[in-house]
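Below is one structure, written out as structure tokens, with a few remarks after it.
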Amino acid sequence: MLAREASTPAEHRAAWQAVESMWETTLARARRLPASALHERVRGEWSFVETHRHLLFAADAWIGNAVLEEAAPYHRLGYPAGGTPPEVCAALGLTLDATPTLEEVLQARRARMASVRRLVEDLTEAELDRVCTRKPADPYPDGEYLVRRCLRVVLKEEVEHHRYAVRDLAVLEG
């Protein structure tokens with residue numbers, strides 16, 4: 001898939017456009033379910049809402065913090081990978097025990113997705129190879145993070161979690 005193999009600015013733009021399109025279709029499908037179903041976990045995996053909270057966090061860390069170096073990149077509804085220590089979550093301003101509606105999470109997601117869209121629209125080869133001065137978040141290791149790497153992580157997260165969400169929606173619809 002293009003999200004895994006994107007290497008040029010044009011391929012990154014096409015991959016991000018595909019991500020936005022696939023989520024638009026899947027969100028329309030999810031909205032046909034009762035709101036409570038979107039909070040249900042299927043086989044112990046994240047719920048549909050938790051999935052979007054995680055994707056919010058991924059974009060906040062890899063794009064808002066590492067690439068764009070925003071002063072306050074983390075939205076309180078972001079949901080990091082399992083095993084992230086509570087003190088790290090608190091330091092980032094995350095409210096893990098929040099129970100937001102899908103629309104509350106999507107409001108934040110739409111803003112972050114627009115940031116990614118603006119980033120890829122103006123992307124150049126030089127920008128892809130720029131070394132970020134910040135790492136995505138604690139507890140990520142110190143090291144060299146290129147814009148290219150950060151975009152690849154976000155694209156991969158979007159595609160993989162979309163696959164899980166579609167799989168779980170099929171169960172919830174059944």
Side-chain angles (χ1 to χ4, degrees), residues 1-6 15-67 70 72-117 135-141 145 149-174:
M1 158 153 253
L2 188 56
R4 291 182 191 280
E5 300 167 8
W16 187 252
Q17 184 176 18
V19 163
E20 288 188 318
S21 178
M22 73 183 184
W23 274 118
E24 186 177 312
T25 301
T26 302
L27 283 165
R29 181 177 164 191
R31 285 185 175 109
R32 291 192 290 267
L33 292 170
S36 61
L38 302 178
H39 288 276
E40 287 183 35
R41 289 182 166 199
V42 176
R43 296 184 195 100
E45 298 288 339
W46 284 335
S47 71
F48 194 81
V49 172
E50 288 169 329
T51 295
H52 283 277
R53 290 181 68 187
H54 175 68
L55 293 171
L56 173 61
F57 176 80
D60 286 349
W62 291 93
I63 303 300
N65 191 47
V67 174
E70 295 175 348
Y74 302 101
H75 191 281
R76 68 178 189 80
L77 296 178
Y79 205 76
T84 303
E87 62 275 9
V88 170
C89 296
L92 297 176
L94 306 178
T95 310
L96 298 184
D97 60 352
T99 54
T101 65
L102 176 62
E103 288 308 314
E104 288 171 323
V105 176
L106 290 180
Q107 181 178 1
R109 277 263 292 146
R110 282 189 290 270
R112 182 52 72 205
M113 291 176 89
S115 293
V116 177
R117 187 179 327 110
K135 63 182 178 178
D138 282 327
Y140 292 99
Y145 292 91
R149 176 182 178 192
C150 295
L151 279 170
R152 184 169 293 126
V153 169
V154 169
L155 287 168
K156 181 182 175 225
E157 287 286 306
E158 291 283 350
V159 170
E160 291 302 319
H161 286 287
H162 179 265
R163 186 170 56 91
Y164 304 144
V166 168
R167 174 199 66 199
D168 294 349
L169 280 176
V171 172
L172 294 170
E173 291 166 334

Across all chains, not counting sequence neighbours, the ring pair (Phe, Tyr, Trp, His ring centres under 6.0 Å) partners of Trp16 are none
Could you tell me which residues satisfy side chain to side chain contact (heavy atoms under 4.5 Å, CB included) with Arg109, sequence neighbours excluded, listed by chain and number? Trp23, His52, Leu55, Leu56, Val105, Leu106, Met113, Glu158
Leu33 vs Phe48, test: side-chain contact (heavy atoms from CB on, under 4.5 Å). Steps then yes/no. CA-CA 11 Å; Leu33 292 170; Phe48 194 81; over 6 Å; no
Quick one: CG on Leu38 to CG on Leu172, what's the gap to the nearest 0.5 Å? 7.5 Å
How close do Arg112 and Ala59 get, heavy atom to heavy atom, and via which atoms? CG-CB, 2.9 Å
Please list every donor-acceptor pair under 3.5 Å in which a side-chain atom of residues 72-85 meets a protein atom from a residue at least two apart or in another chain.
residue: Tyr74; atom: OH; partner: Asn65; partner atom: ND2; Å: 3.2
residue: Tyr74; atom: OH; partner: Pro136; partner atom: O; Å: 2.4
residue: His75; atom: ND1; partner: Leu77; partner atom: N; Å: 3.0
residue: Thr84; atom: OG1; partner: Ala81; partner atom: O; Å: 2.7

Would the number of heavy atoms belonging to other residues, nucleotides or ligands and lying under 6.0 Å from CD of Glu87 be above 12? yes
Suppose we call two aromatic rings close when their centres sit under 6.0 Å apart. Are Tyr164 and Trp46 close by that rule? no
Applying salt bridge (charged side-chain N to carboxylate O under 4.0 Å, His left out) as the test, list every pair that has at least one member in residues 34-43; sequence neighbours left out. Arg41-Glu50
Sequence neighbours excluded, which residues qualify as side chain to side chain contact (heavy atoms under 4.5 Å, CB included) partners of Pro34? Ser36, Ala37
Distance check, rounded to the nearest 0.5 Å: Glu70 atom CD versus Ile63 atom CD1? 10.0 Å
Which atom of Val154 lies closest to which atom of Ala58, heavy atoms considered: CG2-O, 4.0 Å
Just grab all the side-chain hydrogen bond (donor to acceptor under 3.5 Å, both in side chains) pairs involving residues 165-174, residues at least two apart or on different chains. Arg29-Glu173
Hey, does the side chain of Arg53 reach the backbone of Ala98 with a donor-acceptor pair shorter than 3.5 angstrom? yes
State which residues pass salt bridge (charged side-chain N to carboxylate O under 4.0 Å, His left out) with Glu160; sequence neighbours excluded, sorted by chain then number. Arg4, Arg163
Atom NZ of residue position Lys135 - does it have more than 12 heavy atoms of other residues, nucleotides or ligands inside 6.0 Å? yes
Sequence-distant partners of Glu20, salt bridge (charged side-chain N to carboxylate O under 4.0 Å, His left out), two or more places apart: Arg117
Only counting residues at least two apart or in another chain, list the ones meeting salt bridge (charged side-chain N to carboxylate O under 4.0 Å, His left out) with Glu45. none
Of all residues at least two apart in sequence or in a different chain, which pass the side chain to side chain donor-acceptor pair (under 3.5 Å) check with Thr25? none
Partner residues of Glu103 under the salt bridge (charged side-chain N to carboxylate O under 4.0 Å, His left out) criterion, sequence neighbours left out: Arg31, Arg110
Nearest heavy-atom neighbours spanning Val67 and Cys150: CG2-CB, 3.6 Å
